[in-house]
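Please read the structure below before turning to the comments.
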Amino acid sequence: MKRRHTPIADLLERLNGVDISFYDDTFLNRSLQRRAAETHCETMDRYAALLEESKAERERFMNSLQIHYSEFFRNPLTFAVLEKIILPLMLQKKEQSSRREIRIWSSACAAGQEAYSLAMLLEEMKKTTQDPFNYRIFATDRSGPVVDEARQGHFCEEAIRNVNLKRVNSWFTENGPIYTVKQELKENIDFSVFDLFNEQLSSPPSSIFGGFDLVLCANLLFYYKKEYRDMILEKAGKSLAKTGYLMTGEAERDIVLKYRYQEVYPQSGIFQMN
Ligand SMILES: C[S@@+](CC[C@H](N)C(=O)[O-])C[C@H]1O[C@@H](n2cnc3c(N)ncnc32)[C@H](O)[C@@H]1O
């Protein structure tokens, strides 16, 4: 793949041996400007000189590119459409098929908020539907430490602010300022490290095969250049079951609409292939 480098990307690659050319230019420039301001560099040339001089600043800059921010029920409209329309529809289809398991891939799961939010919805559905069903959520991220954090499922009060009280009481145990996800909710979630740029595999090995009813690919596409977004969306597409859904962040809807996807409900960030 042909790579375009900015002068600072070239500098970092030369100094650190790391390749950051896959990041979107706007994101990269914004990150550079933020670090330049934080280090009181008045010009980009001055900041480039600082990067050249200081290994610690190079590391800080590289770390600033790793954004793991997430929220439970991050986009309320998306989660409402999932809860009220998409998951019940999926279940209805399962009732007519021999495979009564809903398979979901949270492909950039950060500390697990997205996977745990979905597990709460599915557990609640299990309690209200007459026909029993199973589900499995494969939650992956390329960052090992973040996946470890997700497995532990410890959150502070601020992190669970979008979770209603009933759900907090049902799914978390409180220990001082820390809320820990109950084992019961973790049972159907398989956390593992997986890089979406892996050229050999189209879905996490722990899932054995793709065939996902829903793939969540939220709030990471906009960090990358078009060719890398293509790679991620192609992987997501390949791993979906025939009538499966793709979910993205709300700021990524326009990106996805340029591909072979159609939004199933306006503004929802939930798509199916044309
Ligand atoms: C901003 S967080 C979004 C988390 C969650 N999906 C959400 O919408 O709240 C982006 C996550 O994508 C992960 N990520 C970035 N590039 C990745 C890649 N190539 N493969 C897998 N995960 C990646 C990061 O490690 C980070 O945890």
Side-chain angles (χ1 to χ4, degrees), residues 1 3 18-24 26-28 30-31 34 62-79 81-82 104-121 137-153 155 158-163 181 189-207 210 212 214-239 245-253 255-256 268-271:
M1 191 175 295
R3 291 174 174 170
V18 289
D19 183 5
I20 57 167
S21 59
F22 40 79
Y23 286 114
D24 175 67
T26 313
F27 170 64
L28 214 45
R30 240 191 264 132
S31 309
R34 195 179 331 108
M62 291 307 294
N63 286 339
S64 79
L65 300 177
Q66 309 298 317
I67 296 171
H68 302 299
Y69 179 79
S70 187
E71 287 176 26
F72 285 90
F73 302 99
R74 183 164 184 173
N75 179 355
L77 174 65
T78 306
F79 276 92
V81 173
L82 280 176
I104 296 176
W105 180 20
S106 165
S107 73
C109 69
Q113 294 90 331
E114 184 176 270
Y116 288 131
S117 304
L118 268 164
M120 286 184 221
L121 298 183
I137 301 174
F138 298 88
T140 62
D141 198 284
R142 85 168 161 192
S143 158
V146 157
V147 171
D148 286 341
E149 222 182 289
R151 269 194 204 106
Q152 286 172 15
F155 296 94
E158 168 65 10
I160 59 160
R161 67 187 182 285
N162 297 346
V163 185
V181 175
I189 309 178
D190 183 300
F191 288 107
S192 63
V193 174
F194 184 78
D195 188 342
L196 286 160
F197 293 151
N198 181 319
E199 286 178 15
Q200 268 85 49
L201 300 168
S202 59
S203 53
S206 54
S207 75
F212 298 110
L214 171 66
V215 173
L216 298 97
C217 203
N219 297 302
L220 85 151
L221 293 172
F222 46 54
Y223 298 129
Y224 294 120
K225 286 199 172 95
K226 187 185 173 303
E227 53 265 46
Y228 295 94
R229 294 173 183 169
D230 288 354
M231 204 190 264
I232 293 175
L233 286 171
E234 197 188 316
K235 202 176 283 287
K238 271 192 195 157
S239 69
Y245 299 89
L246 173 74
M247 186 195 120
T248 67
E250 60 185 312
E252 294 162 320
R253 295 177 42 256
I255 297 176
V256 178
S268 64
I270 302 173
F271 303 85

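Atoms within each ligand, like the ligands themselves, are counted from 1 in listed order.
Remark: Thr248 engages no residue in a side-chain hydrogen bond (donor to acceptor under 3.5 Å, both in side chains) (not counting sequence neighbours).
Listed for the Glu252 side chain is a donor-acceptor partner under 3.5 Å among the backbone atoms of Leu220. Judged purely by atom type and a 3.5 angstrom limit, Arg161 uses its side chain to pair as donor or acceptor with the backbone of Glu158. With Tyr223 contributing its side chain and Gln66 its backbone, the two residues share no donor-acceptor pair below 3.5 Å. Formation of a donor-acceptor pair under 3.5 Å by the Ser106 side chain with backbone atoms of Ala139 is not found in this model. Ser268 contributes no side-chain N or O that, together with a main-chain N or O of Thr78, makes up a donor-acceptor pair within less than 3.5 Å.
Protein heavy atom nearest atom 7 (C) of ligand 1, with residue, atom name and distance: Arg74 NH1, 3.3 Å. In terms of protein heavy atoms, atom 20 (N) of ligand 1 is closest to Leu196 N, 2.8 Å. Nearest protein heavy-atom neighbour of atom 8 (O) of ligand 1: Asn219 ND2, 2.8 Å. Closest to atom 11 (C) of ligand 1 among all protein heavy atoms lies Asp141 OD2, 3.7 Å. What sits closest to atom 14 (N) of ligand 1 on the protein, heavy atoms only, is Leu220 CD1, 3.9 Å. Atom 9 (O) of ligand 1 has Ser70 OG, 2.5 Å as its closest protein atom, hydrogens excluded (heavy atom only). Summary of contacts: the protein heavy atom closest to atom 4 (C) of ligand 1 is Ala108 O, 3.3 Å. Ranking protein heavy atoms by distance to atom 10 (C) of ligand 1, first place goes to Ile67 O, 3.4 Å.
Ring pair Tyr23/Tyr224: centre-to-centre distance below 6.0 Å.
When each atom of ligand 1 is checked for a heavy atom of Phe197 under 4.0 Å away, the hits are 19 (N). Listed by number with element, the atoms of ligand 1 under 4.0 Å from a non-hydrogen atom of Tyr69 are 1 (C), 2 (S), 3 (C), 4 (C), 9 (O). Within ligand 1, the atoms closer than 4.0 Å to a non-hydrogen atom of Phe194 are 20 (N), 21 (C), numbered from 1 in the order shown. Here is the list of ligand 1 atoms found below 4.0 Å of a heavy atom in Ala110: 4 (C), 27 (O). Remark: ligand 1 atoms within the under-4.0 Å shell around heavy atoms of Glu114 are 5 (C), 6 (N), 7 (C), 8 (O).
At least one N or O atom of His68, backbone or side chain, sits closer than 3.5 Å to an N or O atom of ligand 1. Considering both main-chain and side-chain atoms, Ala218 comes within under 3.5 Å of ligand 1 through a nitrogen or oxygen pair.
Comparing Tyr224, Tyr228, Tyr223 by heavy-atom distance to atom 17 (C) of ligand 1, the nearest is Tyr224.
Inter-residue side-chain proximity for Leu233 and Leu246 is flagged as met; some heavy-atom pair is nearer than 4.5 Å.
Under 4.0 angstrom from ligand 1, the non-hydrogen atoms of Arg142 come from both its backbone and its side chain. Both the backbone and the side chain of Asp195 come within 4.0 Å of ligand 1, judged by heavy-atom distances.
Nearest heavy-atom pair across Phe191 and Ala150 is CE2-CB, 3.6 Å.
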Identify every side-chain donor-acceptor pair in residues 194-204 under 3.5 Å, counting partners at least two apart or on other chains, and give the distances.
from	atom 1	to	atom 2	distance (Å)
Asp195	OD1	Phe197	N	2.9
Asn198	OD1	Gln200	N	2.7
Asn198	OD1	Leu201	N	3.0

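To the nearest 0.5 angstrom, Phe22 atom CZ is 9.5 Å from Leu28 atom CG.
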